[in-house]
Amino acid sequence: MVLAVANQKGGVGKTTLAVNLSAALALEGFRVLLLDLDPQGSATRWLLGPDVEPEEDVTGLLEGRSPHPKEVSPRGLFLLPATGRLAAVERNLAGEVGGELVLDEALGTYREAYDWVMLDCPPNLGILTLNGLAAARKVLVPVEPHSLAIMGIEDILDAIHKVQRRLRRPVDLLGLVLNRVDYRTRHTREVVNLLRSVYGEKVLTTEIRINTRIPESVAFARSVVEYDPASTGAQNFRALAREILEKVYVPQKA
Ligand SMILES: Nc1ncnc2c1ncn2[C@@H]1O[C@H](COP(=O)(O)OP(=O)(O)O)[C@@H](O)[C@H]1O
Ligand SMILES: [Mg+2]
């Protein structure tokens with residue numbers, strides 16, 4: 001199952017969701033491949049630390065080679081990192097006929113080798129995000145419950161529908177994921193209620209609360225589910241993984 005995490009807004013929690021949901025699914029016993037499709041490489045730095053310059057990366061895939069994903073922690077989680085090369089490859093793709101279908105084509109054998117392939121998309125609706133949407137079967141959209149942050153939701157939903165229609169790819173929304181939820185402010189409660197009434201069951205039940213353990217875990221090059229399993233953040237992501245496993249049946253590869 002290929003799952004894209006997308007939202008053209010930056011800082012809403014795409015990388016946080018992609019990294020920690022991947023780790024949580026690995027802890028459930030699945031083989032998970034995480035692809036860092038953001039030239040900024042936040043997922044890569046989170047899992048490998050700031051000083052590693054990987055030799056094999058996601059651009060290999062986009063250029064028709066078969067790079068070997070690196071197994072990281074927890075067991076069962078594999079990463080195809082982003083490097084500085086991704087920005088150049090992004091420019092080339094943008095000028096290529098059918099450039100938005102390259103990842104879909106390249107994922108061929110990787111789809112079979114992993115139970116889950118998670119795509120961490122960049123904060124725009126450019127060619128890399130289009131590649132992510134075209135290669136994915138389902139999309140998760142992290143949303144911060146602030147009135148300003150919800151204005152972009154329709155844009156990403158439109159982008160998903162365009163990919164369905166124009167590229168004829170069977171991608172659809174798995175759900176909106178409320179992230180950085182902070183009930184100390186009344187505004188949050190209002191916006192959460194509004195989102196749940198407008199988008200109904202498209203808003204997943206599990207909410208990711210604001211939790212300082214999450215940014216902290218980045219410095220330790222560990223997902224929060226491993227860095228502090230008892231933290232609210234870790235528990236929210238474990239619950240989210242179980243909710244998604246109930247919604248989407250994915251048989252485990254032994
Ligand atoms: N639930 C949360 N609680 C606390 N901090 C969070 C939470 N979700 C994300 N963050 C922090 O917010 C920042 C932006 O998140 P990130 O996942 O990088 O967003 P994006 O990938 O959409 O740009 C990061 O510093 C991250 O650690
Ligand atoms: Mg990111």
Side-chain angles (χ1 to χ4, degrees), residues 3-24 34-50 57-58 79-84 86-87 90 118-133 136 139-146 148-153 155-156 159 175-185 187-188 191-192 195 203-241 243:
L3 193 56
V5 180
N7 187 328
Q8 73 284 5
K9 279 187 68 74
V12 293
K14 287 179 290 299
T15 299
T16 302
L17 179 57
V19 166
N20 290 289
L21 181 59
S22 295
L34 172 61
L35 259 62
D36 189 350
L37 288 180
D38 186 350
Q40 289 179 31
S42 321
T44 298
R45 266 177 281 119
W46 191 334
L47 290 170
L48 299 183
D57 71 344
V58 73
L79 173 72
L80 262 184
T83 62
L86 186 54
E90 179 180 22
M118 192 81 59
L119 311 176
D120 184 20
C121 295
N124 55 53
L125 291 176
I127 192 78
L128 289 171
T129 296
L130 286 181
N131 266 275
L133 296 179
V139 186
L140 279 177
V141 177
V143 181
E144 263 193 82
H146 291 302
L148 280 176
I150 64 179
M151 295 198 314
I153 294 177
D155 292 334
I156 181 70
L176 305 174
V177 179
L178 298 176
N179 181 38
R180 232 199 292 227
V181 177
D182 182 0
Y183 285 119
R184 287 169 300 189
T185 71
H187 179 65
T188 299
V191 177
V192 169
L195 283 169
V203 185
L204 299 189
T205 309
T206 309
E207 298 176 357
I208 311 298
R209 299 298 186 91
I210 192 161
N211 184 219
T212 52
R213 292 303 211 184
I214 292 173
E216 225 176 276
S217 67
V218 179
F220 291 85
R222 273 279 196 286
S223 64
V224 77
V225 298
E226 276 205 294
Y227 169 68
D228 185 356
S231 63
T232 314
Q235 288 178 0
N236 290 164
F237 283 112
R238 298 293 305 258
L240 183 67
E243 181 179 354

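All of these numbers come straight from a predicted model, not from anything done at the bench. Excluded from the calculations below are hydrogen atoms, water molecules and symmetry mates; all remaining heavy atoms, backbone and side chain alike, are included. As the structure lists them, so they are numbered: ligands from 1, and atoms in each ligand from 1.
- When the heavy-atom distances from atom 22 (O) of ligand 1 to Q40, R180, K14 are ranked, the shortest goes to K14.
- The salt bridge (Lys or Arg N to Asp or Glu O under 4.0 Å) test with E144 singles out one residue from K14, K9, R180, and that residue is R180.
- With hydrogens and angles ignored, the 3.5 Å screen pairs no side-chain donor or acceptor of E90 with any backbone N or O of L128.
- Residue, atom and distance of the protein heavy atom nearest to atom 3 (N) of ligand 1 are N211 N, 3.0 Å.
- Under a 3.5 Å cut-off, the side chain of D36 and the backbone N or O of T44 do form a donor-acceptor pair.
- The contact set between ligand 1 and I214, taken as ligand atoms under 4.0 Å from a residue heavy atom, comprises 1 (N), 2 (C), 3 (N).
- Within ligand 1, counting atoms from 1 as listed, the ones closer than 4.0 Å to a heavy atom of V12 are 19 (O), 20 (P), 22 (O).
- Heavy atoms of T212 found under 4.0 angstrom from ligand 1: none, in either backbone or side chain.
- Applying the 4.0 Å criterion to heavy atoms of R209 picks out, from ligand 1, the atoms 1 (N), 2 (C), 3 (N).
- For atom 17 (O) of ligand 1, the nearest protein heavy atom (residue, atom name, distance) is T16 OG1, 2.6 Å.
- Between the side chain of N7 and the main chain of P142, a donor-acceptor pair closer than 3.5 Å is present.
- At least one donor-acceptor pair under 3.5 Å links the side chain of R45 to the backbone N or O of Q40.
- Short contacts between ligand 1 and G10, defined as distances under 4.0 Å to a heavy atom of the residue, involve ligand atoms 23 (O).
- Within the 3.5 Å criterion, the main-chain N or O of T205 finds a donor-acceptor partner in the side chain of E243.
- Side-chain contact between V181 and N236 is absent, with no heavy-atom pair separated by less than 4.5 Å.
- Heavy atoms of G11 come nearer than 4.0 angstrom to ligand 1 in at least one pair.
- The distance from atom OG of S217 to atom CH2 of W46, rounded to the nearest 0.5 Å, is 4.5 Å.
- Contact annotation for atom 25 (O) of ligand 1: protein absent (non-hydrogen atoms, distance under 4.0 Å).
- Ligand 1 has at least one atom lying under 4.0 Å from a heavy atom of G13.
- Atom numbering of ligand 1 starts at 1 in the shown order; those under 4.0 Å from a heavy atom of I208 are 1 (N).
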